[in-house]
Amino acid sequence: MSDDVVTWTRHERVLVVRLASPPVNALSAAVAAGLDAAVDAFEISDARVLVIVSDLPGFFVAGADIKAMAGFDEDDMARYLVSLRRPIERIAAAGRPSIAVIEGQALGGGLELAMAATLRVAGRGARLGLPETRLGLIPGAGGTQRLPRLVGRGRALDLLLTPRTVGAAEAHAIGLVDRIVAAGGEEEAGLAWAAELASLPTSALTAVLRSVDDAHDLPLTKGLAREADRVADLFAGEDAREGVAAFLERRDPDF
Ligand SMILES: CCCCCCCCCCCCC[C@H](O)CC(=O)SCCNC(=O)CCNC(=O)[C@H](O)C(C)(C)COP(=O)(O)OP(=O)(O)OC[C@H]1O[C@@H](n2cnc3c(N)ncnc32)[C@H](O)[C@@H]1OP(=O)(O)O
């Protein structure tokens with residue numbers, strides 16, 4: 001368990017990470033370190049899904065810690081950038097699904113954290129944006145790379161070039177969030193979604209995640225070849241045997 005700004009608890013096959021760093025969950029060094037420790041806990045566990053949720057009403061994460069950064073020298077900045085990017089990239093590369101539960105503001109590094117998750121669920125009151133240009137910066141934790149992959153070049157530029165934020169409905173319409181729920185229902189929806197994913201075999205979910213990432217990174221022919229290899233590996237595995245048998249025996253599979 002990390003210090004009190006980032007905590008995590010196990011809910012059956014789901015690890016729930018809670019952010020509670022008043023007033024806005026700014027990504028301070030303590031929050032970054034806490035996130036990293038939470039990813040350590042996820043990696044050594046047999047949890048199948050990671051959920052990231054804020055305990056601060058109105059804020060998912062308001063971005064990097066501007067107050068702290070204002071006093072940085074270049075070495076501090078370099079260390080801070082590494083400390084922020086490390087947990088964010090580990091979540092993205094985890095190979096097991098993660099869900100960011102967005103209630104309120106997800107800005108800058110906060111939206112970058114959410115985009116590193118596999119999936120995003122937002123409440124109707126959420127606002128999302130990458131306002132770094134207003135600080136004379138650009139996103140430094142993957143925002144310029146993941147936003148175009150999620151929403152396309154034009155919409156990404158619209159949100160990257162200006163500090164404009166989008167509400168939940170627009171974010172859902174452009175594919176920045178995957179599910180939109182009534183305000184107040186975010187955490188329940190995120191946990192229910194995580195439980196649904198956690199009932200499925202990690203071997204298949206990991207194969208989906210790796211294959212979809214290949215679709216961005218590889219030429220089609222190589223991606224198709226890797227997909228075929230993954231199908232063959234899965235078909236030879238216990239999970240596929242259980243899944244096929246359960247179907248034929250008209251029962252729920254026990255993965
Ligand atoms: C800036 C120096 C740069 C030096 C180089 C650094 C390079 C290292 C880069 C690291 C990796 C990059 C990560 C990421 O890409 C970069 C970022 O995330 S930059 C930050 C982006 N986020 C923002 O710009 C949001 C700024 N905040 C707001 O717009 C508003 O505060 C809000 C979140 C919309 C809330 O508005 P209100 O409800 O009106 O509340 P207040 O504005 O009064 O704020 C309340 C309280 O919280 C403090 N606060 C708000 N945001 C931050 C923050 N990001 N960091 C630290 N503190 C924040 C605010 O100051 C108030 O404090 P109080 O006055 O009450 O003490």
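For ligands, and for the atoms within them, numbers begin at 1 and follow the listed sequence. Position 1 is the first residue of the sequence, and the numbers go up from there.
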Any idea which atoms of ligand 1 are less than 4.0 Å away from a heavy-atom of [X]?
X	value
V24	47 (O), 49 (N), 50 (C), 51 (N), 52 (C), 58 (C)
E112	13 (C), 14 (C), 15 (O)
L81	9 (C), 10 (C), 11 (C)
G108	18 (O), 21 (C)
F59	33 (C), 35 (C)
M77	5 (C), 6 (C), 7 (C), 8 (C)

Can you find a protein heavy atom under 4.0 Å from [atom]?
atom	result
atom 24 (O) of ligand 1	yes
atom 49 (N) of ligand 1	yes
atom 30 (C) of ligand 1	no
atom 18 (O) of ligand 1	yes

Flag the pair [X] and [Y] as a salt bridge only when some basic side-chain nitrogen lies within less than 4.0 angstrom of an acidic carboxylate oxygen.
X	Y	value
R79	D76	yes
R179	E188	no
E238	R241	yes
E242	R251	yes
D214	K222	no
D46	R13	no

P23 near ligand 1, heavy-atom distance under 4.0 Å?
-> yes

Is the closest heavy-atom distance from R127 to ligand 1 below 4.0 Å?
-> no

For ligand 1, is there an N or O atom under 3.5 Å from any N or O atom of [X]?
X	value
G63	no
A64	yes
Q105	no
G109	yes

Measure the shortest side-chain to side-chain distance between F255 and T202 over non-hydrogen atoms and say whether it is less than 4.5 angstrom.
-> no

Could you tell me whether [X] approaches ligand 1 through its side chain, its backbone, both or neither, with non-hydrogen atoms closer than 4.0 Å?
X	answer
L84	side chain
A62	both
D65	both
R134	side chain
L137	side chain
F72	neither

Quick one: CZ on R96 to OG1 on T206, what's the gap to the nearest 0.5 Å?
-> 7.5 Å

Just checking, R18 and W8: is the charged tip under 6.0 Å from the six-membered ring centre and within 45° of the axis?
-> no

Donor-acceptor under 3.5 Å (E103 side chain, E186 main chain) | no

